[in-house]
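Take a look at the structure set out below.
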Amino acid sequence: MIDFEKELNSVQLEACTSIDGPVMVIAGPGSGKTRVLTYRIAYMLERGIAPWNILALTFTNKAAREMKDRLERLVGSGGQKVWAGTFHSIFAKILRIESEKIGYPSTFTIYDTDDSKSLINQIVKEMNLNKEQYTTNLIRNRISSAKSLLISPAAYAADEELMEEDRQRDVPHLFKVYGQYARRCFESGVMDFDDLLYNFFLLLQRNPEGVLEKYRDKFKYLLVDEFQDTNYMQYAILKKLVRYPDSPENICIVGDDAQSIYAFRGATIDNILDFEKTFRDVRVVKLEQNYRSGKFIIDAANNVINNNTQQIKKKIWTDKSDNKKIDVIRALTDVEEARKVVDSIFELKNRAHLSNAEIAILYRTNAQSRTFEEHLRRNNMPYRIYGGMSFYQRKEVKDLLAYFRLVVNSNDEEALRRVINHPKRGIGDTTLDKLIAYARENKITVWEAMDRPIFPTRTQGLLLEFKSMIDQLHQESQRVMVDEIANKIYVKSGLSSLFRNDSTAEGKSRLENIQSLLDGIKEYVENDVLGEDEEVSEKSLQEYLQSIALLTDQDVNPEDKDFISLMSIHAAKGLEFDAVFVTGMEENLFPSFLSMDSPLEMSEERRLFFVALTRARHFLTLTYATSRFKFGKMVYYQPSRFLDEVGEHNLKAPIHKPQNIVYERQSKASVGGNFNGKRSAIPTSDKFQVNPSPTAAFAAGQEVLHPRFGKGKILRIEGNGDNRIAAIRFTLTGDDERKIMLRFAKMEVLA
DNA sequence: TCCGCATGCTTTTTT
DNA sequence: AGCATGCGGA
C-alpha cells in the first residue's frame, strides 16, 4: 500500500486522486510532474482499474521509459501492462494490428527523415521541377505541417490560402509533389513519422464502429504528458478517443505553457487554452512548488518568463535555502568560451565534488557542440553529445537496415533504391531511373517492375538475381528467428564480405557498428520483454524494425555512465543536472536571428531560455562570446538580451558590456517553409496575437488584425453567407489588396 | 558505371 | 571549416 498522503504534497495529491473526468495539471519545472503521473497511475491501479485500460502518452521514449520504470518500482510488475509510450510508438503498434482497414499491409515499414527527403528529391526530379525553388526542406516542412493540420493532398489543393502561399513562395506545384509523395508512400506500404499519427487519425475516422469504439472502450483512462507540445492532429486524436456522447471523459493532461518550445513543429498553445473550453468541468491543478533549483535560479527564471505577456498565470517558488548565484562568463571567441567552460568544470568538480554525470553543457544549435567537444577530449574528460547522428542513421547501419526493410516489405522504394546497387552489382542509376519510370507509367511498384522484360538480357539477369535473393530471404524470414535471419541477410547481401575486405580504420569502425547492430538484435530476441498487451507477442523482423525506427540517439545507453552531457536546450527538456552551462548567450544566436522580427517566435525563444535555466539544481553558468567562427569566417556578436532579463541581483557579478564594436547585421536564410517558416516581408506563420471576432462581425471600412498579415483595412466585402470574402489592404504586405475568406480567417476587428 | 576532385553551401530547434 | 553534390575522365 502506498501512503499517498505522506509522499505527495496537497496539490500533487489532488492531481493524483482526481481520476474521473477531465483534469488539467499545469506543472512548473521541477514540480514533481513525473511523480504525479506515476502516482496517479498507481492510484488508479489501487482503485481496481485494469492496467490495460490506461493509456499514457509521452513525446520521447526516454520519458516513457522513465515513467514505466518508476511505476514498476511503485507497484511492481503490474505496471508493465499499462499502455505507456510515445504517441508515435503506441499508434504504430495499433496501426500494425489494424493496418488493413486503411489499405496498408501489416508489414508496413517506416521512412525516417532521410528517406522522406530522398523520396521528395526523387519526385521533384521526376516532375522536372526546379530544385532551386522546390527545395527539399521547404517541401518536407510544408507536407509535414499539412499533415499535422490533417490537410490531405486533395484538401491542400483546394485550399486557396495554402495555394496562394505556395504561389508567393514560387512553388505553385507543391501540392502536386505532396499528392505524389502521399501516393508513393501508400503504394510502397510505408509511413513517415507524421503518417503514424495521420493514418492513426484516419483509421479512427474511417472506422467509427469497428476500430474507434474498440479503442474508446479499451482506453478508459488517458494521460498525456507535455501537452503543451501537442499539435492540432494529436489533440484531434485525443478528442476522438475521449469526446463522445456519454463519455466519462477521463483524460488528464499535464503540461506547462511556459515550457512550450515546439511551436515551430506545429505544436500549439491553443490546445491548452482550448482544453478548458472543449471539456466541461475541467479540474485545474497547478503545481508551482519547485523542488529542484536554488532560489536565485528560480527568481531568474520567473524574471525571464515575465517578459512574455501571454501565459497562464502562475509563479514557481521554492523553499530551498540554496544561495548560489548565477555565474556569467564572458569570452572573446567561441574557442575561449569552450576553454573557460572546461576550466570551470574542473573547478566545480574539485570544489563541489560533482561527478561528470551531474554536469551539462547546453546550447541553442547543435553546431555549437564542436568546440566543446574538442576541449573536453583534449582534457580527457568523458562526454557524450546528444542530438548528433544517431547510431541508426550511420550509413553502414542504415544500409543493412534497408535490406531488412526490403525483406519485410519489398515495395519499400527507398530501401530498394538504397541497396539495389550496394554492394555494387552492376545495377546503376540509369537502370534504376528507367525502372522507376516504367513502374510509374504502368502503375505498378518498382518491385513488380523488376521482372518485366524491359532491359537487355545482362541487366535483366542482374535484376532477377537480386530479386530472387530478397524473395528467398523473405520466405525464410517467416520461419526463422529474427537474429538468425538478420545474420543471413548480412551475409547474403554481400555486405559482410564488403566489410571484411576493408581494412582501413573507418572500415573497422563500420564493422564494429554492424556487429553491435547484430548484437543488439540478438539481445532484442533474447530479452523477453513482454509486449504491453497479449495481442502482439511474436517477434518479427517487422516488429524489430518498428521498434528501432522510433528510437533517437537519446535512447541508446552507453556502457560508461559517468560523462558530461552536451546537448541542445530542446533535447534537455525534462532533464536536470547539478551544474548547467547555458552557452552562446548572444543576440542572433540565442535568441536566434530567425526569431528576431516576430514577437511570437521571440517568446518561444524566451520559453526556451526558461527551460534552460530551470534544468539546473545548484550551479548555473551563462556564457557568451563576443565573436565566433561561422562558416570559417569570424562573426561578431553582442551579449544576449536574455542576460539582462535574468536580474542583476541573481548574478555573481554584473554583466560586462562591450563597447565600440561594430556588429554585423545578419541576413536571414530563406529556408524553413513549414507553415511557421518565413521569408520576405510577408510572414507565413502567425506573428500577431489575435482575439478572433465572429465571422458576422466584419464590415467594410473596419480596421482588422490578421495573425500573419498584421493590421489592415477592409476595403469591401464580397459574396455572402458562408462565402463572404473580404478585400483587405494590409500595411505589412505592400500589395493593393488581399482577399480573405471570412469563414476561415481568424481576424480581430480593431476599430 | 565508377571514381576522384572541385565547387558551393550550410545553421535552428526534433518525434 | 567540413560536407554533399556535380562534373569530367577512365
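Lettering of chains follows the sequences in order, A, B, ..., and the numbering in each one begins at 1. Only this structure's heavy atoms are used, side chains among them; waters, hydrogens and symmetry mates stay out.
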Requested in this report: Using atom CD1 of I569(A) as one end and atom C1' of dT14(B) as the other, report the distance to the nearest whole Å.
Outcome: 14 Å
Query raised in the report: Residues two or more places apart in sequence or in another chain: which of them pass salt bridge (Lys or Arg N to Asp or Glu O under 4.0 Å) with R339(A)?
Result: none
Query raised in the report: So, F59(A) versus H88(A), ring centres under 6.0 angstrom or not?
Result: no
Query raised in the report: For the pair made of CE in M567(A) and P in dT14(B), what is the distance, rounded to whole Å?
Result: 11 Å
Requested in this report: When you get a sec, tell me which of dT11(B), dT1(B), dT14(B) is the closest nucleotide to the side chain of T431(A)?
Outcome: dT1(B)
Query raised in the report: So, is N137(A) near the phosphate of dT10(B), with a side-chain N or O under 4.0 Å from OP1 or OP2?
Result: no
Query - Rounded distance in Å - CG (D114(A)) to P (dT15(B)) - result: 14 Å
Report task. Taking the six-membered ring for Trp and the full ring for Phe, Tyr or His, determine whether the centres of F200(A) and Y198(A) are under 6.0 Å apart. Result -> no
Query - Atom-pair distance (CD1 on I110(A); C1' on dT15(B)), nearest Å - result: 12 Å
Query raised in the report: So does S568(A) get a side-chain nitrogen or oxygen closer than 4.0 Å to the phosphate oxygens (OP1/OP2) of dT14(B)?
Result: yes
Query raised in the report: Of R425(A) and T113(A), whose closest DNA chain B nucleotide lies nearer the 5' terminus?
Result: R425(A)
**Report entry** T58(A): partners by side-chain contact (heavy atoms from CB on, under 4.5 Å), with sequence neighbours left out
**Finding:** A63(A), A64(A), M67(A), T86(A), D225(A)
Query raised in the report: To the side chain of F264(A), which of dT14(B), dT11(B), dT15(B) is closest?
Result: dT14(B)
Query raised in the report: Would you call R405(A) and D115(A) a salt bridge, taking side-chain N to carboxylate O under 4.0 Å as the test?
Result: yes
Query raised in the report: Residues two or more places apart in sequence or in another chain: which of them pass ring-ring contact (aromatic ring centres under 6.0 Å, His included) with Y544(A)?
Result: Y524(A)
Query raised in the report: Got a sec, which pairs hit side-chain hydrogen bond (donor to acceptor under 3.5 Å, both in side chains) with one end in residues 418-427 of chain A, sequence neighbours left out?
Result: D399(A)-R418(A), D399(A)-H422(A), Y403(A)-R425(A)
Query raised in the report: In whole Å, what separates the C1' atom of dT11(B) from that of dG6(C)?
Result: 23 Å
Requested in this report: Report the relative orientation of the aromatic rings in F87(A) and F91(A); use parallel for angles under 30°, tilted for 30 to 60°, perpendicular for over 60°.
Outcome: perpendicular
**Report entry** Distance between P atoms of dA4(C) and dT13(B) (Å, rounded)
**Finding:** 16 Å
Query raised in the report: Taking 5' to 3' order, which nucleotide of DNA chain C is first and which is last to have an atom within less than 4.0 Å of a heavy atom in chain A?
Result: dA1(C) to dG6(C)
Query raised in the report: Within the structure, does a side-chain N or O atom of N421(A) lie under 4.0 Å from either OP1 or OP2 of dT1(B)?
Result: no
Query raised in the report: OP1 or OP2 of dT15(B) sitting under 4.0 Å from any side-chain N/O of N231(A)?
Result: no
Report task. For I143(A) and dT14(B), give me the distance from atom CD1 to atom C1', rounded to whole Å. Result -> 18 Å
Query - Cation-pi check, K434(A) onto Y438(A) ring (under 6.0 Å, within 45° of axis) - result: no
Query raised in the report: Taking the nucleotide of DNA chain B with the closest heavy atom to each, which residue, R458(A) or S592(A), is nearer the 5' end?
Result: R458(A)
Query - Selection from dT14(B), dC2(B), dT11(B) that lies nearest to any side-chain heavy atom of A571(A) - result: dT14(B)
Query raised in the report: Which nucleotide sits closest to the side chain of R140(A): dT12(B), dT11(B), dT15(B)?
Result: dT15(B)
Between protein and nucleotides 3-6 of chain B, what N or O pairs are separated by less than 3.5 Å?
none

Query raised in the report: Taking CG from L498(A) and C1' from dC2(B), how many angstroms apart are they, rounded to a whole number?
Result: 14 Å
Query raised in the report: Relative to the ring of F264(A), is the ring of H570(A) parallel (under 30°), tilted (30 to 60°) or perpendicular (over 60°)?
Result: perpendicular
